[in-house]
Amino acid sequence: MKITEIVLTPVAFRDPPLLNSAGVHEPWALRTIVEIHTDEGISGVGETYGDVAHIERLQQVIPSLIGLDAFALGPMHQCVAAALEGVTGFDTHGLTGKFSAPGTIDRVYSPFEVACLDIQGKAIGRPVVDLLGGAVRTEIPYSAYLFYKWAGHPTSKLGDEQPDQWGAALDPAGVVAQAKQLIDEYGFKSIKLKGGVFPPEQEIEAIKALREAFPGTPLRLDPNAAWTPETGIKVAQELDGIVEYLEDPSPEIEGMAEVAKVAPMPLATNMCVVSFEHLAPSVAQNAVQVILSDHHYWGGLTRSAKLAAICETFGIGLSMHSNSHLGISLAAMTHLAAATPNLTYACDTHYPWNAADDVVKPGVLSFKDGSLTVPSGPGLGIELDRDVLARLAENYRTCGILKRDDTSYMQKFNPEYEKRRPRW
Ligand code: GKR
Ligand code: MG
């Protein structure tokens with residue numbers, strides 16, 4: 001089954017003003033929808049980042065993929081590597097770690113791999129989860145992903161924003177109210193708070209308020225490396241017995257290792273271990289005890305399964321990371337989670353923040369009790385909504401954003417703001 005055509009459609013969708021240690025989300029989030037067509041009339045879809053540098057890399061490899069067999073994933077990875085030869089790594093929109101050349105290859109390869117798995121599943125009439133070894137679970141739990149946020153996007157200055165459907169969350173009461181809203185709507189049974197926005201004492205208070213409001217619900221805090229190891233150790237001690245893991249308290253493998261020596265809970269990361277070459281130094285220093293996998297940069301679903309095997313070998317826990325995304329990614333994450341026995345934590349998802357603009361036709365991806373049922377249709381089991389895709393492609397053409405830049409957007413309203421990691 002030969003690949004005859006690959007179509008990239010960059011899209012932009014509405015995004016609320018979510019705060020993090022690099023600034024604040026802009027009004028539009030970017031993604032790229034990848035469609036692969038074959039000579040047998042079967043097509044598949046994938047979803048990946050929408051930053052312009054990434055789109056250029058995708059374009060650069062497409063000519064070498066035309067004519068490949070849609071089942072030939074190994075050769076496809078080699079073709080991507082060859083097409084990117086000489087390309088050095090680049091940062092991925094400021095929040096996750098630095099990508100070396102091997103990491104960049106996996107990141108570019110991923111959406112093509114997912115689209116081919118969609119094709120393979122359709123060709124044999126089986127869901128993608130069956131291509132990954134079969135479902136060890138059919139209900140996939142996700143966590144309520146809370147963010148400090150402004151009431152809405154400012155129009156000209158901070159303070160003049162029109163509240164969106166979630167309103168502001170800038171203190172413990174606002175964070176608890178947001179958790180209630182998300183849990184009422186989706187039924188989530190775990191909670192993650194994105195931190196690194198306010199001084200650590202305030203974020204500890206927010207976590208304690210969540211603990212009081214939701215006794216027994218697993219909690220996590222992720223400041224995206226906003227703290228020095230010294231601060232990370234203090235926060236870890238304060239949150240002993242309160243969080244199931246502490247995510248990326250401090251920068252780099254060395255910083256995490258320093259915190260891990262003392263922290264009473266496991267440390268998790270999606271920042272300092274982001275490609276296969278980071279695993280050996282991290283294991284050697286026992287820097288992290290949980291890795292947040294993410295098929296968008298670990299090389300698709302099949303290479304994420306390899307990561308899972310390595311984690312199992314070294315006794316490292318496995319969770320799942322997310323960025324602003326649409327339903328194609330959510331479907332792929334759900335198939336992967338269903339096939340990964342040692343993925344024992346509820347997965348992260350930004351989906352509730354962006355669900356109103358999904359390119360996937362409604363029905364298949366609906367949360368019940370905080371979980372998604374793995375789609376049972378062939379391939380990813382989802383269908384693209386062409387009208388929405390056209391609308392989001394038009395947004396991309398007119399929104400004027402070419403790469404995610406949370407820091408510059410924050411500086412528009414707060415010119416003194418500087419991105420600093422660690423900050424406290
Ligand atoms: O969307 O602001 C955000 C998050 O901070 C995201 O960019 C992170 O990559 O969710 C991510 C994380 O867990 O670090
Ligand atoms: Mg994180």
Side-chain angles (χ1 to χ4, degrees), residues 13-31 48-51 54 91-99 103 107 142-150 153 166 169 178 190-198 203 219-227 232 243-252 255-256 259 266-274 278 287-298 317-326 329-330 333 345-355 401 403-410 419 421-423:
F13 46 96
R14 287 166 291 172
D15 206 18
L18 307 178
L19 295 153
N20 59 42
S21 72
V24 57
H25 286 210
E26 293 165 274
W28 299 98
L30 309 180
R31 295 294 266 184
T48 182
Y49 309 99
D51 291 9
H54 185 61
D91 212 356
T92 170
H93 50 64
L95 276 176
T96 38
K98 294 250 182 287
F99 281 78
R107 196 161 174 255
Y142 283 85
S143 59
Y145 197 161
L146 314 184
F147 281 82
Y148 286 108
K149 71 179 283 295
W150 294 334
H153 283 285
W166 297 281
Q178 188 186 91
S190 304
I191 298 176
K192 163 169 171 168
L193 173 63
K194 171 62 51 181
V197 176
F198 294 110
E203 300 190 349
L219 303 176
R220 312 162 188 171
L221 174 61
D222 174 13
N224 283 118
W227 307 328
V243 290
E244 59 176 340
Y245 58 67
L246 189 57
E247 194 173 317
D248 286 310
S250 302
E252 310 295 346
M256 292 288 278
V259 182
L267 300 190
T269 190
N270 61 272
M271 294 180 81
C272 69
V273 181
V274 291
H278 299 142
V288 302
Q289 294 69 49
V290 177
I291 292 177
L292 281 87
S293 69
D294 182 330
H295 73 269
H296 304 90
Y297 60 77
W298 281 97
L318 199 60
S319 187
M320 198 184 278
H321 168 254
S322 85
N323 266 313
S324 308
H325 66 90
L326 297 168
S329 284
L330 187 61
M333 289 155 74
Y345 294 99
C347 302
D348 287 352
T349 180
H350 284 57
Y351 193 68
W353 300 109
N354 307 110
I401 297 175
K403 72 176 174 70
R404 177 177 171 182
D405 187 351
D406 296 11
T407 307
S408 302
Y409 185 53
M410 173 63 100
K419 176 174 158 189
R421 285 195 185 127
R423 192 184 297 279

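Atoms within a ligand are numbered from 1 in the order they appear, just like the ligands themselves.
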Problem - Side chain, backbone, both or neither: Leu292 near ligand 1, heavy atoms under 4.0 Å - result: neither

Exercise for the section: Verify whether the ring centers belonging to Tyr245 and Tyr345 lie closer than 6.0 Å. Expected result: yes

Practice task
Hey, could you give me the CE/NZ distance between Met410 and Lys419, rounded to the nearest 0.5 Å?
Solution key: 13.0 Å

Exercise for the section: Would you check whether Lys194 has a nitrogen or oxygen atom less than 3.5 angstrom from a nitrogen or oxygen atom of ligand 1? Expected result: yes

Exercise for the section: Just let me know how Ala22 lines up against ligand 1, side chain, backbone, both or neither, with a heavy-atom cut-off below 4.0 Å. Expected result: neither

Problem - Passing option when Tyr148 is tested against Val197, Asn20, Val24 for side chain to side chain contact (heavy atoms under 4.5 Å, CB included) - result: Val197

Practice task
Output the distance between atom CZ (Arg404) and atom CD (Glu26), rounded to the nearest 0.5 Å.
Solution key: 8.5 Å

Handout entry: ligand 1 to His321 polar contact by distance, N or O atoms, under 3.5 Å
Key = yes

Completion exercise
The answer for which part of Lys192 has a heavy atom under 4.0 Å from ligand 1 is side chain

Problem - Close-contact set for ligand 1 against Tyr145 heavy atoms, below 4.0 Å - result: 4 (C), 10 (O), 11 (C), 12 (C), 13 (O)

Practice task
May I ask you to decide if the ring planes of Tyr49 and His54 are parallel, tilted or perpendicular, using 30° and 60° as cut-offs?
Solution key: perpendicular

Practice task
Return the minimal non-hydrogen interatomic distance between Ala22 and Arg421, and the atom names on each side.
Solution key: CB-NH2, 3.6 Å

Practice task
Output yes when the distance from some N or O of ligand 1 to some N or O of Asn270 is under 3.5 Å, and no in every other case.
Solution key: yes

Fill in the blank from the handout: Under 4.0 Å between heavy atoms, the region of Arg404 that gets near ligand 1 turns out to be side chain

Problem - Straight-line distance of His25 NE2 to Ser324 OG, nearest 0.5 Å - result: 4.5 Å

Problem - Non-hydrogen atom of Leu18 closer than 4.0 Å to ligand 1 - result: no

Exercise for the section: Report the relative orientation of the aromatic rings in Tyr409 and His153; use parallel for angles under 30°, tilted for 30 to 60°, perpendicular for over 60°. Expected result: tilted

Fill in the blank from the handout: Looking at Asp222, the N, O or S atom sitting nearest the Mg ion (ligand 2) is OD2

Practice task
Could you check which N/O/S atom of Glu247 is closest to the Mg ion (ligand 2)?
Solution key: OE2

Fill in the blank from the handout: Tightest non-hydrogen contact, residues Met256 and Ala268, listed as CE-O, 3.3 Å

Problem - From Leu193 atom CG to Leu219 atom CG, the distance as rounded to the nearest 0.5 Å - result: 9.0 Å

Problem - Any Met271 heavy atom less than 4.0 Å to ligand 1 - result: no

Completion exercise
Here the atoms of ligand 1 under 4.0 Å from any heavy atom belonging to Asp222 are 12 (C), 13 (O), 14 (O)

Exercise for the section: Could you list the atoms of ligand 1 found under 4.0 angstrom from a heavy atom of His25? Expected result: 1 (O), 2 (O), 3 (C)

Practice task
Please state whether the separation between the Mg ion (ligand 2) and some N/O/S atom of Asn270 is under 2.8 Å?
Solution key: yes

Exercise for the section: Run the contact test for Ser322 against ligand 1 with a 4.0 Å cut-off on heavy atoms, strictly below, and give the result. Expected result: yes

Completion exercise
Taking every heavy atom of Tyr145 against every heavy atom of Trp353, the minimum-distance pair comes out as O-NE1, 3.1 Å

Fill in the blank from the handout: For Phe147, the atoms of ligand 1 under 4.0 Å from one of its heavy atoms are 1 (O), 2 (O), 3 (C)

Practice task
Just jot down the ligand 1 atoms closer than 4.0 angstrom to any heavy atom of Asn20, in number order.
Solution key: 2 (O), 3 (C)

